[in-house]
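The structure appears below as structure tokens.
In this chain, residues are counted from 1 in sequence order.
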Amino acid sequence: MTVSDNDSQGSSAAPALPALAFYGKMLTFSRLQFSTDDLGAIDAQLAATLSNKSSNIPILIDSEVEQDLSALVELLWSWGLQPIGVVTGTLDAQAREQRLAIFPADGKRIERILPSKKAATQISKAPDDKHTESASINSDSTNSDSTNDTAAISESNTETTIATTTAETLVSAEHITSLIYDQMLRSGQSLNHVGGDLILTNSVNSGAEAITDNSLHVYGRAQGRLVAGATGDKDARIFCQVFNPSLVSVAGTYCLRDNLPEHVIDKSVQVRFVEGEGLVFTVMDDA
């Protein structure tokens with residue numbers, strides 16, 4: 001979880017700020033899909049589509065055909081477009097060489113690399129296959145097994161490696177949890193949670209944003225920017241007690257306040273993404 005206050009001001013008595021800080025911010029990117037590697041055809045299409053070369057639009061490159069990525073990037077920049085990365089696929093290797101971001105495909109999440117606990121010191125005797133969960137044996141039992149003979153020790157070391165892998169998997173799973181946040185999210189604040197549902201028991205004020213890669217629940221008044229499935233999870237949903245956001249987004253598909261259906265404003269609402277339809281708004285009182 002990351003909570004940031006974009007409007008906070010430092011004071012002379014405050015300690016030195018850290019060199020960097022991660023926080024969530026909802027940004028909108030256009031996605032260009034390419035069906036050809038013919039730069040001449042692409043240039044002609046851009047000329048027919050864009051009215052000027054000063055739009056400065058950040059874009060993602062999505063191509064199912066092999067491209068000369070360096071030449072394509074130069075062409076896009078010449079038209080005032082700003083490539084920031086590619087959708088994972090055939091261009092991954094070239095993107096790494098050029099230090100461009102690689103974004104997950106639709107419906108995929110960006111997986112976190114989590115630190116794992118050292119499981120090797122937790123067990124010294126191999127558990128039975130039917131009792132793998134006993135890998136979290138305490139240190140007392142570890143010490144009690146230290147008198148085993150050489151053959152038993154060798155067998156234990158072999159099995160410890162297997163148990164360690166299982167334990168690390170369980171550690172990672174433990175980190176995939178929901179977050180319950182009880183405070184009001186005020187204007188200028190951004191709350192970003194990765195790895196589970198984000199549950200807000202209070203309100204989200206106008207000018208604030210709540211972002212999660214899973215589902216978002218708001219039990220107060222939901223204003224500001226509401227983002228679920230931030231890394232592309234199309235099964236993510238948004239549930240609001242009082243629905244009146246400035247922006248709502250699920251799996252990268254978003255809707256601004258002016259385009260929201262009038263009948264859902266200030267109602268208890270569920271928002272989900274449906275393939276071929278986009279965002280679907282359901283008043284839960286009528287469901």
Side-chain angles (χ1 to χ4, degrees), residues 1-7 23-33 49 51 55-60 62 103 106-107 109 178-194 196-287:
M1 177 194 73
T2 303
V3 183
S4 63
D5 190 339
N6 298 331
D7 295 336
Y23 68 95
K25 187 72 174 178
M26 179 62 186
L27 300 173
T28 301
F29 302 124
S30 296
R31 180 165 161 175
L32 279 184
Q33 293 182 314
T49 303
S51 59
S55 60
N56 296 322
I57 300 174
I59 62 160
L60 301 181
D62 183 3
F103 289 79
D106 288 340
R109 294 178 181 166
S178 299
L179 169 70
I180 299 176
Y181 189 75
D182 293 320
Q183 301 178 37
M184 178 180 293
L185 207 56
R186 303 185 183 279
S187 178
Q189 291 183 317
S190 175
L191 176 61
N192 186 19
H193 177 59
V194 177
D197 286 8
L198 175 57
I199 303 167
L200 291 87
T201 61
N202 214 314
S203 296
V204 179
N205 285 355
S206 179
E209 59 185 11
I211 304 172
T212 178
D213 65 339
N214 284 39
S215 293
L216 174 64
H217 310 252
V218 183
Y219 292 103
R221 184 172 179 81
Q223 298 176 290
R225 295 177 290 277
L226 311 177
V227 181
T231 55
D233 183 3
K234 294 182 179 180
D235 293 325
R237 302 191 180 192
I238 296 177
F239 303 90
C240 297
Q241 194 75 22
V242 183
F243 184 73
N244 192 7
S246 59
L247 177 146
V248 60
S249 172
V250 177
T253 299
Y254 69 93
C255 182
L256 298 176
R257 173 64 176 81
D258 292 342
N259 297 320
L260 292 175
E262 286 297 326
H263 72 278
V264 304
I265 301 302
D266 291 334
K267 300 292 181 62
S268 296
V269 172
Q270 174 191 172
V271 186
R272 58 195 174 97
F273 175 83
V274 176
E275 196 72 48
E277 297 182 37
L279 296 185
V280 175
F281 302 82
T282 303
V283 177
M284 290 187 286
D285 293 341
D286 299 338

If you take all heavy atoms of [X] and [Y], which pair is closest and at what distance?
X: Ala222; Y: Cys240; result: CB-SG, 3.6 Å
X: Ile238; Y: Ser249; result: CD1-O, 3.6 Å
X: Arg186; Y: Ala208; result: O-CB, 3.1 Å
X: Asp213; Y: Asp233; result: O-CB, 3.7 Å
X: Ser187; Y: Asn205; result: N-CB, 4.0 Å

[Y] and [X], any side-chain heavy atoms less than 4.5 Å apart:
X: Asn244; Y: Arg257; result: yes
X: Phe239; Y: Met284; result: yes
X: Pro245; Y: Leu260; result: yes
X: Gln33; Y: Asp62; result: yes
X: Leu191; Y: Leu200; result: yes
X: Tyr219; Y: Ile199; result: yes
X: Val227; Y: Glu209; result: no

For the side chain of [X] and the backbone of [Y], is there at least one donor-acceptor N/O pair under 3.5 Å apart?
X: Thr212; Y: His193; value: yes
X: Ser246; Y: Gly224; value: yes
X: Asp197; Y: Ser215; value: yes

> Sequence neighbours excluded, which residues qualify as ring pair (Phe, Tyr, Trp, His ring centres under 6.0 Å) partners of Phe273?
Replying inline: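 Per chain and number, Phe273 pairs via ring pair (Phe, Tyr, Trp, His ring centres under 6.0 Å) with no residue.
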Looking at [atom1] of [X] and [atom2] of [Y], how far apart are the two atoms once the value is rounded to the nearest 0.5 Å?
X: Arg225; Y: Leu247; atom1: CZ; atom2: CG; result: 7.5 Å
X: Thr231; Y: Ile211; atom1: OG1; atom2: CD1; result: 11.5 Å
X: Leu279; Y: Tyr254; atom1: CG; atom2: OH; result: 11.0 Å
X: Thr253; Y: Glu275; atom1: OG1; atom2: CD; result: 8.5 Å

> Any side-chain donor paired with an acceptor under 3.5 Å for Thr201 and Asp182?
Replying inline: yes
Show the atom names and distances, to 0.1 Å, of all donor-acceptor pairs under 3.5 Å that link a side chain in residues 264-271 to residues at least two apart or in another chain.
from: Asp266; atom 1: OD1; to: Arg221; atom 2: NH1; distance (Å): 3.0
from: Asp266; atom 1: OD1; to: Arg221; atom 2: NH2; distance (Å): 3.0
from: Ser268; atom 1: OG; to: Gln241; atom 2: O; distance (Å): 3.0
from: Gln270; atom 1: OE1; to: Arg237; atom 2: NH1; distance (Å): 2.4

> Taking it one step at a time, do Val280 and Arg272 satisfy side chain to side chain contact (heavy atoms under 4.5 Å, CB included)?
Replying inline: CA-CA 5 Å; Val280 175; Arg272 58 195 174 97; 4.1 Å; yes
